Amino acid sequence: MSDLRLRFAPSPTGYLHIGGARTALFNYLLAKKERGTFILRIEDTDVARSTQESVDAILQAMAWLGLSYDEGPYYQSDRFDLYKAKVQELLDKGLAYRCYCTQEELDAKREAALKSGGKPKYDGTCRERSQAAAPNAPFVVRFKSPHEGETTFVDRIKGPITFRNEELDDIIIQRSDGTPTYNFVVVVDDAEMGINLIIRGDDHVNNTPRQIPMYTALGYQIPEFAHVPMILGADKSRLSKRHGATSVMAYQEQGYLPEALVNYLARLGWSHGDQEIFSMEELIEKFSLEQVGRAAGVFNPDKLLWLNAHYIKTGDPVRLASLLTEFLAKLGLATENGPDLSAVVKTLQERARTLVEMAEGAAFYYKSEVEYDEDAVAKFLTADKHEPIAALLRNLEACDSWNHDGIMAAFQKVTEETGLKLGKFGPAVRVALVGGTTSPGIHEVVEVLGRERVLTRLRQALDLLR
RNA sequence: GUCCCUAUCGUCUAGCCCGGCCCAGGACACCGGCCUUUCACGCCGGCGACGGGGGUUCGAAUCCCCCUGGGGACGCCA
């Protein structure tokens with residue numbers, strides 16, 4: 001166990017999205033690799049927007065991805081007493097002050113600043129004010145940011161980053177309703193929880209120079225920072241719903257495997273030479289901040305799909321079968337009275353890219369009635385196929401070893417008896433058994449579909465041809 | 001607008017720190033071929049990039065500067 005302490009700190013105002021998942025993954029991987037501690041903290045100081053549903057959704061998504069944490073989840077809403085005390089401490093030290101400016105005044109100042117071409121920061125009106133305008137006037141508490149000199153930190157991904165302190169304004173650390181704000185509680189909690197490396201999204205780079213003085217003001221040690229680049233949509237704007245699914249669990253519903261998403265997310269912005277395929281174990285072994293890229297990356301659904309196809313192709317059929325059941329159920333199909341599902345999976349692994357596609361491909365095995373595709377029937381299940389199908393039926397009825405060799409022999413016999421090669425009558429058999437023109441190999445279909453169902457469907461096809 | 005970050009194929013990236021092995025390698029996608037009873041898988045091949053301009057150097061994708069492009073932040077959200 002090393003003393004490395006990392007955290008993922010989502011805000012429960014929605015589901016876990018792709019970007020958050022990657023941040024969580026990087027934290028998880030480094031914690032595992034360095035045998036440190038991975039902490040989950042729920043940042044729910046915005047009581048109005050935080051919901052239990054979101055918390056549950058985030059927890060569920062992390063569990064699905066396999067991102068387990070060593071401590072937590074801690075809830076900031078449970079820690080308001082601590083924050084209150086810390087605000088008071090700053091007030092007592094003269095490092096924070098009450099601000100009585102109203103929302104309207106602030107809006108006006110912001111607008112004016114923006115109009116005059118400057119940064120819309122707070123002008124410090126109340127910084128030197130000694131007392132309230134009115135005895136019971138509502139106030140917020142602001143932190144006295146340094147206004148001179150510069151603040152520099154060495155980002156573990158981006159290198160040294162320097163801000164001039166005159167860019168900073170006095171940010172609000174406690175709202176007029178008494179609740180604390182993000183930039184303050186994140187410092188208190190990261191320090192109190194002993195976090196020594198903060199891996200978070202790029203969008204927080206600008207918050208870092210505002211947070212560093214607070215660590216100092218509260219007598220905390222400043223942690224290290226590593227800001228991972230954003231994930232963009234195809235149009236290079238920040239990834240959002242209009243780019244398609246951004247929720248981790250939406251991918252589960254679309255038939256993606258968690259290892260595919262994990263692999264994809266890891267490779268988006270991180271690399272290990274030319275290697276593309278990584279198991280979670282391998283990621284833990286090989287991950288390092290040094291190999292994380294510095295530029296934002298575009299989310300590429302095609303590559304995710306390719307990875308998913310890879311993991312379906314190489315996955316354990318029994319496991320895939322158990323995952324597939326749910327997707328078959330969505331199609332209204334039950335597997336109890338049909339062929340063995342893992343045998344079915346084996347016939348589909350190379351031709352399905354998602355579990356949704358696999359379920360669709362497996363449907364014909366489980367439908368009680370063959371659903372004939374009209375065009376396929378018209379084209380392939382023609383009267384001249386009566387003879388070879390009848391021959392196949394006879395040979396399969398007589399087949400006493402229902403396995404690959406036995407079935408091959410039955411087909412071979414049809415060719416001998418009718419002089420027709422497989423290419424001539426195979427498509428007709430496929431339509432008879434499947435209903436359409438695409439399916440796994442015809443011999444496999446016969447074997448896996450099973451004797452009774454095959455014979456029944458062949459007889460039904462013969463009836464159709466009469 | 002101001003500040004911060006960033007820049008290799010359409011996309012993800014290797015190479016950049018420690019200049020020559022790079023007329024730039026891999027992957028996805030795309031195109032062509034092979035395999036094949038279907039659909040796929042697989043295999044082989046192709047297309048395709050160092051944003052621009054200045055330096056430094058015998059030599060720059062690699063070092064420096066400027067420009068441009070892209071992203072982010074600027075909230076009593078996180």
Side-chain angles (χ1 to χ4, degrees), chain A residues 9-13 43-46 48-50 76 99 101-103 106-107 110 113-121 138-142 155 157-159 161-164 166-169 171-177 179-183 185-186 201-210 227 229-230 232 234 236-238 264 267-277 290-291 293-307 309 313 348-353 357 361 376 380 411 421-431 434 436-443:
Chain A
S11 165
T13 52
E43 307 234 317
D44 56 352
T45 53
D46 186 349
R49 295 205 300 167
S50 300
Q76 292 186 321
C99 169
C101 294
T102 64
Q103 192 79 64
L106 294 175
D107 289 345
R110 219 177 337 261
L114 219 39
K115 199 166 282 176
S116 67
K119 206 166 189 168
K121 53 181 195 177
F139 63 88
V140 299
V141 177
R142 288 182 185 271
D155 191 277
I157 291 170
K158 294 170 185 289
I161 298 176
T162 301
F163 287 81
R164 290 193 308 280
E166 64 193 67
E167 297 297 330
L168 309 176
D169 62 355
I171 56 169
I172 293 172
I173 60 176
Q174 186 177 90
R175 301 182 184 95
S176 51
D177 67 359
T179 59
T181 60
Y182 165 77
N183 269 304
V185 296
V186 76
D202 218 348
D203 47 341
H204 288 292
V205 167
N206 296 275
N207 286 327
T208 308
R210 313 157 76 97
H227 289 98
M230 301 275 86
L232 275 27
K236 297 226 175 196
S237 70
R238 195 173 179 156
Y264 179 73
R267 267 300 272 109
L268 210 200
W270 171 83
S271 63
H272 182 79
D274 286 337
Q275 188 172 344
E276 297 287 350
I277 307 293
E290 285 64 44
Q291 291 303 317
R294 291 174 301 177
V298 175
F299 183 77
N300 183 350
D302 280 337
K303 191 147 186 181
L304 206 209
L305 188 57
W306 173 76
L307 277 166
K313 219 177 301 165
L348 264 5
Q349 279 179 285
E350 292 200 334
R351 47 200 105 225
R353 295 176 299 176
E357 286 183 6
F380 295 109
F411 274 86
K421 291 193 172 168
L422 185 58
K424 286 289 173 198
F425 70 94
V429 175
R430 171 170 288 107
V431 175
V434 176
T437 54
T438 71
S439 80
I442 195 66
H443 300 122

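Chain identifiers are assigned alphabetically (A, B, ...) following the order of the sequence lines, protein sequences preceding nucleic acid strands; residue numbering begins at 1 within each chain. Small disclaimer: the values here were computed from a predicted structure and weren't measured.
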| message | Are A/Ile172 and A/Cys99 packed together at the side-chain level, in the sense that at least one heavy-atom pair is separated by less than 4.5 angstrom? | response | no

| query | If you measure from the C1' atom in B/rG15 to the same atom in B/rU38, how many Å do you get, rounded? | reply | 44 Å

| field | 5' precedence on RNA chain B between A/Gly297 and A/Thr437 (nearest-nucleotide basis) | value | A/Gly297

| said: Looking at A/Asp203 and B/rA78, is any side-chain donor or acceptor paired with a base atom of the opposite kind under 3.5 Å? | reply: no

| request: Indicate whether the side chain of A/Ser439 and that of A/Arg430 have a donor and an acceptor atom separated by less than 3.5 Å. | output: yes

| Using purine N1 to pyrimidine N3 plus N6-O4 or O6-N4 for Watson-Crick, or N1-O2 and O6-N3 for G-U wobble, each under 3.5 Å, what pairs with B/rC17? | none

Between N or O atoms, less than 3.5 Å apart, protein on one side and nucleotides 43-50 of chain B on the other: list the pairs.
none

| said: Distance check needed: B/rC5 C1' versus A/Glu167 CD, whole Å only. | reply: 14 Å

| said: Tell me the interatomic distance from A/Ile173, atom CD1, to B/rC76, atom P, rounded to whole angstroms. | reply: 13 Å

| message | Using the P atom as the point on both nucleotides, what is the distance between B/rG46 and B/rA24, in whole Å? | response | 13 Å

| query | Which whole number of Å gives the distance between the P atom of B/rC64 and that of B/rC5? | reply | 14 Å

Look for any protein N or O under 3.5 Å of an N or O in nucleotides 27-32 of chain B and output each such pair with its distance, or none.
{"residue": "B/rA27", "atom": "O4'", "partner": "A/Glu276", "partner atom": "OE2", "Å": "3.2"}
{"residue": "B/rA27", "atom": "O2'", "partner": "A/Lys303", "partner atom": "NZ", "Å": "3.3"}
{"residue": "B/rA27", "atom": "N3", "partner": "A/Lys303", "partner atom": "NZ", "Å": "3.2"}
{"residue": "B/rC28", "atom": "OP1", "partner": "A/Trp306", "partner atom": "NE1", "Å": "3.3"}
{"residue": "B/rC28", "atom": "O2'", "partner": "A/Lys303", "partner atom": "N", "Å": "3.3"}

| query | Paired with B/rG59 by Watson-Crick or G-U wobble geometry, both distances under 3.5 Å: which nucleotide is it? | reply | none

| said: Taking any heavy-atom pair under 4.0 Å as a contact, classify A/Thr179: base, sugar-phosphate, or nothing. | reply: nothing

| said: Using the P atom as the point on both nucleotides, what is the distance between B/rG71 and B/rU8, in whole Å? | reply: 14 Å

| Do the side chain of A/Arg351 and the base of B/rC39 come within less than 3.5 angstrom through a donor-acceptor pair of N or O atoms? | yes

| message | Taking donor-acceptor contacts at under 3.5 Å, does the side chain of A/Asn206 reach the base of B/rG72? | response | yes

| said: Whole angstroms only, please: what is the NE2-C1' distance between A/His443 and B/rC39? | reply: 16 Å

| remark: Closest non-hydrogen atoms of A/Thr45 and A/Gln76, given as atom of the first, atom of the second and distance, are CG2-OE1, 3.5 Å

| message | Using OP1 and OP2 only, check whether a side-chain N or O of A/Lys236 sits under 4.0 Å from B/rU11. | response | yes

| said: Quick check: on RNA chain B, is the nucleotide nearest A/Thr162 upstream (toward 5') of the one nearest A/Arg142, or the reverse? Name the residue that is more 5'. | reply: A/Thr162

| Any idea which heavy atoms bring A/Thr437 and A/Ala376 closest together, and the distance? | CG2-CB, 3.6 Å

| query | Should A/Phe299 and A/Leu304 count as side-chain neighbours, where that means a heavy-atom distance under 4.5 Å? | reply | yes

| Greater than 12 external heavy atoms within 6.0 Å of A/Arg267's CZ | yes

| Rounded distance (Å) that lies between atom P of B/rC16 and atom CD of A/Glu290 | 14 Å

| said: Below the 4.0 Å mark, does B/rA73 have OP1 or OP2 next to a side-chain nitrogen or oxygen of A/Arg238? | reply: yes

| Shortest side-chain distance from A/Phe163, nucleotide among B/rC76, B/rU37, B/rC3 | B/rC3

| message | Taking only side-chain N and O atoms of A/Ser176, does any of them lie within less than 4.0 angstrom of OP1 or OP2 on B/rC76? | response | no

| task | Would you mind telling me which of B/rC5, B/rG1, B/rU37 lies closest to the side-chain atoms of A/Pro120? | result | B/rG1

| request: Using a heavy-atom cut-off of under 4.0 Å over every strand shown, decide if A/Lys421 touches base, sugar-phosphate, or nothing. | output: nothing

| request: With heavy atoms under 4.0 Å as the rule, sort A/Pro440 into base, sugar-phosphate or nothing. | output: base

| task | Kindly indicate whether the side chain of A/Asp202, heavy atoms from C-beta on, has any atom under 4.5 Å from the side chain of A/Lys158. | result | yes

| message | Main chain of A/Asn300, side chain of A/Tyr264: is a donor-acceptor contact present, judged purely on distance under 3.5 Å? | response | yes

| said: By the 4.0 Å heavy-atom rule, please label A/His204 as base, sugar-phosphate, or nothing. | reply: base

| request: Look at the side-chain N and O atoms of A/Lys158 and state whether any lies under 4.0 Å from the OP1 or OP2 oxygen of B/rC4. | output: no

| query | Can you tell which of B/rC4, B/rA78, B/rC41 lies closest to the side chain of A/Asn207? | reply | B/rA78

| message | In whole Å, I'd like the distance from the CH2 atom of A/Trp270 to the C1' atom of B/rA14. | response | 13 Å

| Does B/rA40 have OP1 or OP2 sitting under 4.0 Å from an N or O in the side chain of A/Thr438? | no

| request: Write down the partner of B/rC50 under the Watson-Crick or G-U wobble criteria, each distance required to be under 3.5 Å. | output: none

| message | Distance alone, cut at 3.5 Å: any donor-acceptor contact between the side chains of A/Thr179 and A/Asp177? | response | yes

| Whole-angstrom distance between B/rG20 and B/rU11, as gauged at atom C1' | 31 Å

| query | Quick check: are there more than 12 heavy atoms from other residues, nucleotides or ligands sitting under 6.0 Å from NZ of A/Lys121? | reply | yes

| query | Taking atom P of B/rG70 as reference, at what distance in whole Å does atom CG of A/Leu232 sit? | reply | 12 Å

| said: Counting the atoms with a prime plus P, OP1 and OP2 as sugar-phosphate, which does A/Ile442 contact under 4.0 Å by heavy atoms, base, sugar-phosphate, or nothing? | reply: base

| note | note: A/Ile161, atom CD1; B/rC4, atom P; distance rounded to Å ~ 10 Å

| request: Provide the Watson-Crick or G-U wobble partner of B/rC22, both distances under 3.5 Å; none if there is no partner. | output: none

| field | Among B/rA78, B/rC3, B/rU11, the nucleotide that comes nearest once only the side chain of A/Val298 is considered | value | B/rU11

| So what does A/Gly441 hit on the nucleic acid, given a heavy-atom distance under 4.0 Å: a base, only sugar-phosphate, or nothing? | base

| task | Decide, for B/rC23, between syn and anti: a glycosidic angle within 90° of 0 counts as syn, anything else as anti. | result | anti

| request: Identify the nucleotide, in any strand shown, that forms a Watson-Crick or G-U wobble pair with B/rC28, with both distances under 3.5 Å; if there is none, say none. | output: B/rG10

| task | Would you kindly give the CZ-to-P distance between A/Arg294 and B/rU8, to the nearest whole Å? | result | 10 Å

| message | Just so I know, are the side chains of A/Arg238 and A/Asp203 near enough to count as touching, which here means a heavy-atom distance under 4.5 Å? | response | yes

| said: Tell me the closest heavy-atom pair linking A/Gly293 and A/Ile157, and the distance in Å. | reply: O-CG2, 3.7 Å

| task | Give one of base, sugar-phosphate or nothing for A/Asn183, where a contact means two heavy atoms less than 4.0 Å apart. | result | base

| How is A/Gln103 classified with respect to the nucleic acid when contacts are heavy atoms under 4.0 Å: base, sugar-phosphate, or nothing? | base

| field | Candidate nucleotides B/rA78, B/rC4, B/rA7, ranked by approach to the side chain of A/Ala295 - the nearest | value | B/rA7

| said: Over 60° means perpendicular and under 30° means parallel, so tell me whether A/Phe411 and A/His443 are parallel, tilted or perpendicular. | reply: perpendicular

| request: Return the nucleotide paired to B/rA73: Watson-Crick means purine N1 to pyrimidine N3 with N6-O4 or O6-N4, wobble means G-U with N1-O2 and O6-N3, both under 3.5 Å. | output: B/rU2

| query | Can you tell if the side chain of A/Thr13 reaches within under 4.5 Å of the side chain of A/Asp46, non-hydrogen atoms only? | reply | no

| task | Remember a base hit wins even if backbone is also touched, and classify A/Ser271 as base, sugar-phosphate or nothing at under 4.0 Å, heavy atoms. | result | sugar-phosphate

| message | Counting only Watson-Crick pairs (N1-N3 plus N6-O4 or O6-N4) and G-U wobbles (N1-O2, O6-N3), all under 3.5 Å, who is the partner of B/rC35? | response | none

